[in-house]
Engineer: 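Would you mind keeping the following structure in view while I ask a few things?
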Amino acid sequence: MEDHTQMSWKEDNFITQLHNSVDNVTLAVGQALSHPTEQTILQAQNSIEHADRAFANALKNHGNSEPVSTLQEQLNQNKEKLNQLH
């Protein structure tokens with residue numbers, strides 16, 4: 001029998017990791033928007049790539065859920081903001 005406490009902890013952990021990735025993207029995009037240098041834009045793009053990989057792994061391993069969808073939407077909004085610089 002599975003330990004539901006352990007499963008819940010794992011679920012919370014991967015959501016926390018996705019949330020941290022989105023927070024990092026939000027911070028990096030904010031810096032790029034306020035100080036649009038090649039370095040800040042590159043950092044934002046790297047953060048987005050990292051978050052995209054995290055979401056791909058999450059969807060593959062855990063499927064799509066409401067928290068994942070909400071965080072994915074936040075990531076997409078940040079991508080749109082960064083694209084406005086180009």
Engineer: Excluding sequence neighbours, so at least two apart, what forms side-chain contact (heavy atoms from CB on, under 4.5 Å) with E49?
Structural biologist: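 Scan of E49 (side-chain contact (heavy atoms from CB on, under 4.5 Å), adjacent residues dropped) gives N46, R53.
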Engineer: With rounding to the nearest 0.5 Å, note down the distance linking CD in E80 to CD in Q84.
Structural biologist: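 That separation rounds to 8.0 Å.
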Engineer: Sequence neighbours left out, what passes side chain to side chain donor-acceptor pair (under 3.5 Å) with D52? Give chain and number order.
Structural biologist: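 With sequence neighbours excluded, D52 shows a side chain to side chain donor-acceptor pair (under 3.5 Å) to K79, given in chain and number order.
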Engineer: With sequence neighbours left out, write down each residue that passes side chain to side chain donor-acceptor pair (under 3.5 Å) with N64, or none if nothing qualifies.
Structural biologist: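 N64 satisfies side chain to side chain donor-acceptor pair (under 3.5 Å) with S69 only.
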Engineer: To the nearest 0.5 Å, what is the distance between CZ on F55 and NE2 on H50?
Structural biologist: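 Result: 10.5 Å between the selected atoms.
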Engineer: Considering non-hydrogen atoms only, spot the tightest contact between Q74 and V22 and give its length.
Structural biologist: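 Nearest pair, atom of Q74 first, then V22: OE1-CG1, 3.5 Å.
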Engineer: Under the side chain to side chain contact (heavy atoms under 4.5 Å, CB included) rule, what do L59 and V68 come out as? Steps first, then yes or no, please.
Structural biologist: CA-CA 8 Å; L59 292 172; V68 173; 3.8 Å; yes
Engineer: Tell me, please, which residues at least two apart from E66 pass side chain to side chain donor-acceptor pair (under 3.5 Å).
Structural biologist: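 E66: side chain to side chain donor-acceptor pair (under 3.5 Å) contacts with T70.
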Engineer: Taking everything shown except Q77 itself, do over 12 heavy atoms lie less than 6.0 Å from its CD?
Structural biologist: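 Above 12, so yes.
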Engineer: Of all residues at least two apart in sequence or in a different chain, which pass the side chain to side chain donor-acceptor pair (under 3.5 Å) check with H19?
Structural biologist: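 Partners of H19 under the side chain to side chain donor-acceptor pair (under 3.5 Å) test: D23.
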Engineer: CD of E73 to CG of N76: how many Å apart, nearest 0.5 Å?
Structural biologist: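 Between E73 CD and N76 CG, I get 5.5 Å after rounding to 0.5 Å.
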Engineer: Any chance you could lay out the side chain to side chain contact (heavy atoms under 4.5 Å, CB included) test for N57 and F14, step after step, and finish with the verdict?
Structural biologist: CA-CA 10 Å; N57 287 333; F14 99 88; over 6 Å; no
Engineer: Who are the side-chain contact (heavy atoms from CB on, under 4.5 Å) partners of A32, not counting sequence neighbours?
Structural biologist: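 Checked A32 against side-chain contact (heavy atoms from CB on, under 4.5 Å); matches are T40, I41, A44, L82, L85.
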Engineer: Quick one: pull up CG in L18 and CG in L75 and give me the separation to the nearest 0.5 Å.
Structural biologist: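 Going from the CG atom of L18 to the CG atom of L75 covers 9.5 Å.
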Engineer: Measure the spacing between OG1 of T26 and NZ of K81 and express it to the nearest 0.5 Å.
Structural biologist: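 Here the interatomic distance stands at 7.0 Å.
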